[in-house]
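Below you'll find the structure, written out as structure tokens, and then a few comments.
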Amino acid sequence: MKSPATSPVVIELNAVLVALTANQPLVLTLEDGALLPSGPFESEHPTLQAGVRAWVERQTHHPLGYVEQLYTFADRNRVGAEARVVSISYLGLTRERLSAGARDPEWRNWYRYFPWEDWRTGAPSLLRQSIVPQLAKWADTRERRDRVEANFGDGKGPWNEELVLQRYELLYEAGLIAEAGKPTADPMTGMPMRHDHRRILATGIARLRAKIKYRPVVFELMPPQFTLLQLQRAVEALAGQNLHKQNFRRLIDQQGLVEETGAISSETGGRPAKLFRFQQSVLLERAVGGSKLPLSRPT
């Protein structure tokens, strides 16, 4: 008997490479922001991680530092793919940034892809004026209404900053984003990406937002010396939420994450501020188990 025909399977490696510049979270992209660095896993790659490092360096000339595996997607009918694609994604963090320019590779603010995720200046008007009303029309069952409520609420608060992927997938299912390929897509719901790369980016953002609460990975994105205000602004940029200043500083002090360098910064625009550095012993020896950043919830 002949075995049934099977579709070819391709293993693809994708990288969500994140940097922070001017209090904005940036992601490295290709082809005018439509793709993440990616490529197939090849026989010459000794490991999956070695493969993703090789593709990033080949496509962007940007070496990967800190990197961890994110998630594996193996869904059928992947957007724009002829073969069955097993997509293995990685999250990378860097302190460096390539010079900006019109050609690839290009760093882009990740809130261009997820404009509803930035609550630093309050609830985005896009939620109240467009997304939530359209989801309310789509939610014609109890199960759908519950999911909309759990992920978006009323668009004013409270807001769980970690549910980036769930919100993206709900918008996809409702046909409100371009990747869904439906006439109901809303042009205001962020810049689309090819294949499932915006979904992968959502996974990376969600992972990083969760991780900064229990491991000091944010310091991978900071310069060697920084003020406490710069550190707070960096965490706020990643979380898309404001922090309680005094609680944040108390948390940093209690956990012994940083130490004074003895230097002073005069670039703060006001009174000179002390410069700090991350204690290497903390990074090398332990995770910050159970700590929670004091995120400021909208009222």
Side-chain angles (χ1 to χ4, degrees), residues 7-20 25-94 96-114 117 164-165 168-169 171-172 177-181 190-209 211 217 220-221 238:
S7 301
V9 176
V10 175
I11 298 177
E12 183 179 87
L13 307 173
N14 303 274
V16 178
L17 185 58
V18 176
L20 274 171
L26 307 176
V27 60
L28 192 59
T29 65
L30 301 171
E31 297 195 19
D32 292 327
L35 293 174
L36 297 170
S38 62
F41 180 61
E42 299 176 337
S43 58
E44 65 190 57
H45 297 147
T47 65
L48 292 170
Q49 190 175 118
V52 76
R53 288 181 182 275
W55 277 113
V56 170
E57 293 184 19
R58 185 184 311 176
Q59 293 175 337
T60 72
H61 307 293
H62 193 88
L64 276 176
Y66 175 90
V67 64
E68 65 175 73
Q69 189 170 332
L70 267 177
Y71 195 75
T72 298
F73 296 98
D75 300 356
R76 292 184 182 274
N77 303 319
R78 183 186 183 209
V79 178
E82 296 180 358
R84 180 73 179 269
V85 177
V86 176
S87 181
I88 303 175
S89 55
Y90 285 81
L91 172 66
L93 307 178
T94 180
E96 299 180 8
R97 179 185 172 189
L98 301 180
S99 58
R103 301 184 62 184
D104 290 333
E106 182 180 2
W107 291 94
R108 296 207 175 203
N109 190 319
W110 75 29
Y111 292 122
R112 292 182 64 178
Y113 300 96
F114 304 95
E117 293 290 343
V164 188
L165 179 61
Y168 172 79
E169 292 188 331
L171 291 172
Y172 184 99
I177 59 173
E179 288 90 333
M191 180 178 175
M193 301 185 84
R194 284 160 48 188
H195 309 310
D196 54 359
H197 283 205
R198 189 154 52 142
R199 184 186 187 193
I200 294 170
L201 177 54
T203 307
I205 296 172
R207 170 71 65 83
L208 189 51
R209 284 182 168 183
K211 206 171 185 68
V217 294
E220 298 285 347
L221 302 169
L238 298 174

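None of these values were measured; they are calculated from a predicted model.
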Heavy-atom closest pair, residues [X] and [Y]:
X	Y	result
Y111	L238	OH-O, 3.8 Å
T60	P37	CG2-CG, 4.0 Å
G204	V16	CA-CG1, 4.4 Å
H195	L35	CD2-CD2, 3.8 Å

Test S87 against every option in N14, T72, D196 by the side chain to side chain donor-acceptor pair (under 3.5 Å) rule and name the one that passes.
-> N14
R198 versus P192: any side-chain heavy-atom pair under 4.5 Å?
-> yes
Minimum side-chain heavy-atom gap W107-V27 below 4.5 Å | no
Report the residues that fulfil side-chain contact (heavy atoms from CB on, under 4.5 Å) with R108, sequence neighbours left out, ordered by chain and then residue number.
-> T29, D32, E106, R112, Y113, M191
Contacts of T203 that satisfy side-chain contact (heavy atoms from CB on, under 4.5 Å) - sequence neighbours left out = L70, Y71, F73, L165
How many angstroms lie between atom [atom1] of [X] and atom [atom2] of [Y], to the nearest 0.5 angstrom?
X	Y	atom1	atom2	value
L91	L17	CG	CG	8.5 Å
E12	I88	CD	CD1	10.0 Å
I200	L36	CD1	CG	6.5 Å
L13	R53	CG	CZ	12.5 Å
T94	L28	OG1	CG	9.5 Å

Partner of R199 under side chain to side chain contact (heavy atoms under 4.5 Å, CB included), picked from E179, E169, M193, is E169
Under the side-chain contact (heavy atoms from CB on, under 4.5 Å) criterion, do W110 and L26 qualify, and how do the steps go?
-> CA-CA 6 Å; W110 75 29; L26 307 176; over 6 Å; no
List for me each residue that meets salt bridge (charged side-chain N to carboxylate O under 4.0 Å, His left out) alongside E68, sequence neighbours excluded, and say none if there are none.
-> R207, K211
What do the steps show when you test E220 against V18 for side-chain contact (heavy atoms from CB on, under 4.5 Å), and what is the final call?
-> CA-CA 10 Å; E220 298 285 347; V18 176; over 6 Å; no
